[in-house]
Amino acid sequence: VENVFASFNMQDVEPATKLKGDDAGTVHLVTFKGLSADFALTKTNGQTWMTVTATGSGAAAKQAADITARTKGWAYEVPADKASTLTTKLADLVQPPASKPGK
């Protein structure tokens with residue numbers, strides 16, 4: 001999980017309770033070592049904010065608890081270019097198949 005978000009430079013941090021906005025999606029990551037992380041995205045005032053929770057099994061349980069303890073109650077402003085990547089849906093990237101003549 002750390003490698004995926006290693007290049008993120010968050011723009012700002014706010015208490016999560018201060019954010020009121022529209023749900024912009026979620027990102028769910030699972031590692032081979034038993035760590036899962038959920039990133040909930042919210043759009044407000046043209047900005048995208050992210051909250052983080054993690055769970056883990058086995059050796060990853062402590063790592064998940066540490067991540068959640070550091071991030072619980074906080075929202076992080078995601079840079080616009082990263083927000084665009086995280087909120088792009090598959091349907092936004094592909095064209096529907098062309099209809100065949102006569103149909």
Side-chain angles (χ1 to χ4, degrees):
V1 173
E2 297 90 348
N3 292 339
V4 173
F5 289 96
S7 65
F8 267 47
N9 289 317
M10 299 302 171
Q11 305 288 26
D12 201 356
V13 62
E14 290 280 345
T17 56
K18 288 180 74 175
L19 296 179
K20 305 291 185 239
D22 298 321
D23 179 26
T26 57
V27 176
H28 178 73
L29 298 175
V30 180
T31 70
F32 291 109
K33 295 182 180 181
L35 178 67
S36 296
D38 291 303
F39 304 89
L41 303 167
T42 302
K43 281 207 178 255
T44 182
N45 297 327
Q47 299 166 319
T48 302
W49 294 81
M50 173 175 71
T51 58
V52 181
T53 55
T55 58
S57 59
K62 181 180 179 338
Q63 184 181 14
D66 291 346
I67 291 168
T68 299
R70 281 193 316 267
T71 61
K72 184 176 183 176
W74 295 102
Y76 305 91
E77 184 184 353
V78 180
D81 61 327
K82 301 293 186 185
S84 175
T85 299
L86 292 172
T87 58
T88 300
K89 296 177 179 73
L90 180 59
D92 297 334
L93 301 174
V94 297
Q95 285 184 318
S99 58
K100 295 182 181 180
K103 288 195 174 188

statement: Under a side-chain separation threshold of 4.5 Å, the hydrophobic residues clustered together with Leu19 are Trp49
message: Which heavy atom of Ala16 sits nearest to which heavy atom of Thr51, and what is that distance?
response: CB-CG2, 4.1 Å
task: Begin from the C-alpha positions of Leu29 and Leu35 and carry the test side chain to side chain contact (heavy atoms under 4.5 Å, CB included) through to its verdict.
output: CA-CA 8 Å; Leu29 298 175; Leu35 178 67; over 6 Å; no
field: Where at least one partner belongs to residues 50-66, residue pairs that pass salt bridge (Lys or Arg N to Asp or Glu O under 4.0 Å), sequence neighbours excluded
entry: Lys62-Asp66
Salt bridge (charged side-chain N to carboxylate O under 4.0 Å, His left out) involving Asp38 - partner list, sequence neighbours excluded: none
- prompt: If you take all heavy atoms of Gly56 and Ala64, which pair is closest and at what distance?
  reply: N-CB, 3.5 Å
message: Applying side-chain hydrogen bond (donor to acceptor under 3.5 Å, both in side chains), can you list everything that pairs with Thr48, at least two apart in sequence or on another chain?
response: Lys43
field: Residues Tyr76, Thr71; criterion side chain to side chain contact (heavy atoms under 4.5 Å, CB included); working and verdict
entry: CA-CA 9 Å; Tyr76 305 91; Thr71 61; 3.6 Å; yes
- prompt: Atom CD in Gln47, atom CG in Asp12: separation rounded to 0.5 Å?
  reply: 7.5 Å
- prompt: What's the spacing between Ile67 CD1 and Lys72 NZ if we round to 0.5 Å?
  reply: 15.0 Å
All pairs passing side chain to side chain donor-acceptor pair (under 3.5 Å) where residues 17-26 contributes a residue, at least two apart: Glu14-Lys18
- prompt: Which pair of heavy atoms, one from Leu41 and one from Val27, lies closest together, and at what distance?
  reply: CD1-CG2, 4.4 Å
- request: Under the side chain to side chain contact (heavy atoms under 4.5 Å, CB included) rule, collect the residues that match up with Thr42, sequence neighbours excluded.
  value: none
